[in-house]
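Computed over heavy atoms, backbone and side chain alike; hydrogens, waters and symmetry mates excluded. Start at 1 with the first residue, then count along the sequence.
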Amino acid sequence: DYHQWHEKCLSSEDTKTIDHYIAEYQRKVDANPGDHLAKVYLGSAYTLRSAESFWGPKKLAYLKKGGGLMDQAVTAAPDDPRVRFIRGVNGYKVPKRFKRRNIAVMDFTAILPIAEKGGHGLTIRERQAMLFYAWRTFDEEGHPSAAKRSKQACHRLDPKSWYGIESAS
């Protein structure tokens, strides 16, 4: 499961673990080049690998490769909210100096109506995660009306969930 693999990459500071899941994602993409979700997760795993690398040029190479793969996935599947969400969160989490925040704003702008209304087989939890990170991105990037809209929608979906509680105030 792509999400579970990604969680293991997120929670690991061991480059061998991240490399293992990069190889798993790569196998999925090689077997099915149209699997854009696998490709965006592959790209995200590379950016996580960048964070755990010690040598500056290698860090940058992993970051660029990851960003490129995520961009390819979104270009190929611009209407897939899960693909855009993974790239959007990544763009939000990568340090600002790498200039991926504008991409995060574009991704969250595109998926905001879907996250609010539902559809695309999204669960409430997925929609709340999308709205939560949209709120945080819009807020930090100076889009107050979109931030407020995202925050309120996030809370309304499930006020008792972690996302609902975090977006309550």
Those residues at least two apart in sequence (or on a different chain) that pass side-chain contact (heavy atoms from CB on, under 4.5 Å) with Lys160 are Asp158
Taking the ring centre of each residue, are Trp5 and Tyr41 less than 6.0 Å apart? no
Those residues at least two apart in sequence (or on a different chain) that pass side-chain hydrogen bond (donor to acceptor under 3.5 Å, both in side chains) with Arg82 are Glu126
So salt bridge (charged side-chain N to carboxylate O under 4.0 Å, His left out) across residues 36-51, not counting sequence neighbours, yields Asp19-Arg49
Checklist entry - Any donor-acceptor pair under 3.5 Å linking the side chain of Tyr25 with the backbone of Tyr2? => result yes
Taken in chain and number order and not counting sequence neighbours, the residues that satisfy ring-ring contact (aromatic ring centres under 6.0 Å, His included) with Phe132 are Trp135, Trp162, Tyr163
Residue pairs meeting salt bridge (charged side-chain N to carboxylate O under 4.0 Å, His left out), one or both in residues 2-14, sequence neighbours left out, come to none
Value for CG (Asn102) from OG1 (Thr109), rounded to nearest 0.5 Å, stands at 11.0 Å
The complete set of salt bridge (charged side-chain N to carboxylate O under 4.0 Å, His left out) pairs with one or both residues in residues 83-102, sequence neighbours excluded, reads Asp71-Arg87, Asp71-Arg100, Arg84-Asp107, Arg87-Asp107, Lys96-Glu141, Arg101-Glu140, Arg101-Glu141
Without placing hydrogens or testing angles, list every side-chain donor-acceptor pair under 3.5 Å for residues 56-63, not counting sequence neighbours.
| residue | atom | partner | partner atom | Å |
| --- | --- | --- | --- | --- |
| Lys59 | NZ | Ser50 | O | 3.1 |
| Lys59 | NZ | Ala51 | O | 3.3 |
| Lys59 | NZ | Ser53 | O | 2.8 |

Here the gap from Glu166 atom CD to Arg136 atom CZ, rounded to the nearest 0.5 Å, amounts to 9.0 Å
Rounding to 0.5 Å, atoms OG1 (Thr47) and CG (Asn90) come to a distance of 3.5 Å
**OP:** Check for a donor-acceptor pair, side chain of Gln128 on one end and backbone N or O of Cys154 on the other, with a separation under 3.5 Å.
**Re:** yes
task: Please step through side-chain contact (heavy atoms from CB on, under 4.5 Å) for the pair Val105 and Phe108, ending with a clear verdict.
output: CA-CA 5 Å; Val105 169; Phe108 287 119; over 6 Å; no
Under 3.5 Å, is there a donor-acceptor pair between the side chain of Ser12 and the main chain of Cys9?
no
For Leu10, the hydrophobic cluster (side chain heavy atoms closer than 4.5 Å, chained through members) also holds Leu48
The side-chain hydrogen bond (donor to acceptor under 3.5 Å, both in side chains) partners of Asp1 (sequence neighbours excluded) come to none
side-chain hydrogen bond (donor to acceptor under 3.5 Å, both in side chains) filter on Glu116, not counting sequence neighbours, yields Arg149
Grouping ILVMFWY residues whenever side-chain heavy atoms fall under 4.5 Å, the cluster of Ile103 otherwise contains Met106
| request: Start with the C-alpha distance between Ile114 and Leu122, add both sets of side-chain angles, then the distance that settles side-chain contact (heavy atoms from CB on, under 4.5 Å), and finish with yes or no. | output: CA-CA 9 Å; Ile114 297 165; Leu122 297 172; 3.7 Å; yes
Sorted by chain and residue number, the side-chain hydrogen bond (donor to acceptor under 3.5 Å, both in side chains) partners of His6 (sequence neighbours excluded) come out as Ser44
- Message: Assess the residue pair Lys28 and Glu24 against the criterion (side-chain contact (heavy atoms from CB on, under 4.5 Å)); give the C-alpha distance rounded to whole Å, side-chain angles, the decisive distance to 0.1 Å, and a yes or no.
- Response: CA-CA 6 Å; Lys28 293 292 187 178; Glu24 290 294 323; 5.7 Å; no
Practice problem: Decide side-chain contact (heavy atoms from CB on, under 4.5 Å) for Leu131 and Leu157; before the verdict, give the C-alpha distance in whole Å, the side-chain angles of both, and the deciding distance to 0.1 Å. | Solution: CA-CA 10 Å; Leu131 291 163; Leu157 276 178; 3.5 Å; yes
With a 3.5 Å distance limit and no angle check, can you tell me whether His36 reaches the backbone of Ala77 through a side-chain donor-acceptor pair?
no
